[in-house]
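Input: a single structure, listed below in structure tokens.
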Amino acid sequence: MAYWLMKSEPDTYSIDDLQRDRVEPWDGIRNYQARNMMRDDMRVGDSAFFYHSSCAEPGIVGIMTIDSKPYPDPTQFDRHSKYHDPKSSPENPRWQLVNVRFERKLDRIIPLRELKAHPELQDMVLNRRGNRLSIMPVSDIHWKLILGLE
DNA sequence: GCCAACGTTGGC
DNA sequence: GCCAACGTTGGC
């Protein structure tokens, strides 16, 4: 089983929204690297950290489970969605997504500040300079270590 | 709001 | 295929 970290702006969709909805399509990803991970590498049952970005306290706030195989992101075909992609078509969809299922909220936010400062997390993808990926893999070692910080 | 660090686009 | 211009992400 693999581990992941997935970013969302809480103003757009937060861990509390997922707790309410239980299962939700992770839509709006328009970056090929992130798409490829959902399309090629994620498996039903994988675990992922829910990460709040672009907010007062960026950091890991919860845990979720990958709940579906990849399928075309419906928002790409929706003319009224801000994720609409005119270059995509149902016959030849460009963007894929997976559903995620709420697992639990962490007892506390583990802030980015703390992840950055941790000596054993220096080589984490999140900490690589200039990283902007909204979905990234997390190693087994880092996953356990981060859970230990909770 | 600023800006670094990308990724994407499009002219050539 | 190159690369400059432009757009986006996301911390601060």
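Chain A is the first sequence line, chain B the second, and so forth, proteins listed ahead of strands; every chain is numbered from 1.
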- Query: Does the gap between the ring centers of A/W95 and A/Y83 come in under 6.0 Å?
  - Reply: no

- Query: Is it true that A/D73 and A/R30 have a side-chain N and a carboxylate O under 4.0 angstrom from each other?
  - Reply: yes

- Item | Presence of salt bridge, A/R108 and A/E114, under 4.0 angstrom | yes

- Query: With under 30° as parallel and over 60° as perpendicular, where do the rings of A/F50 and A/W26 fit, or are they tilted in between?
  - Reply: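 A/F50 and A/W26: perpendicular rings.
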
- Note on the structure: Quick tally for nucleotides 5-10 of chain B: nucleotides whose base has a protein heavy atom under 4.0 Å get B, sugar-phosphate-only ones S, the rest -, giving BBSSS-

- Task: Specify the closest pair of heavy atoms between A/F77 and A/P90, including all atoms of both residues, with the distance to one decimal.
- Result: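 Where A/F77 meets A/P90 most closely, the heavy atoms are CE2-N, 3.3 Å.
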
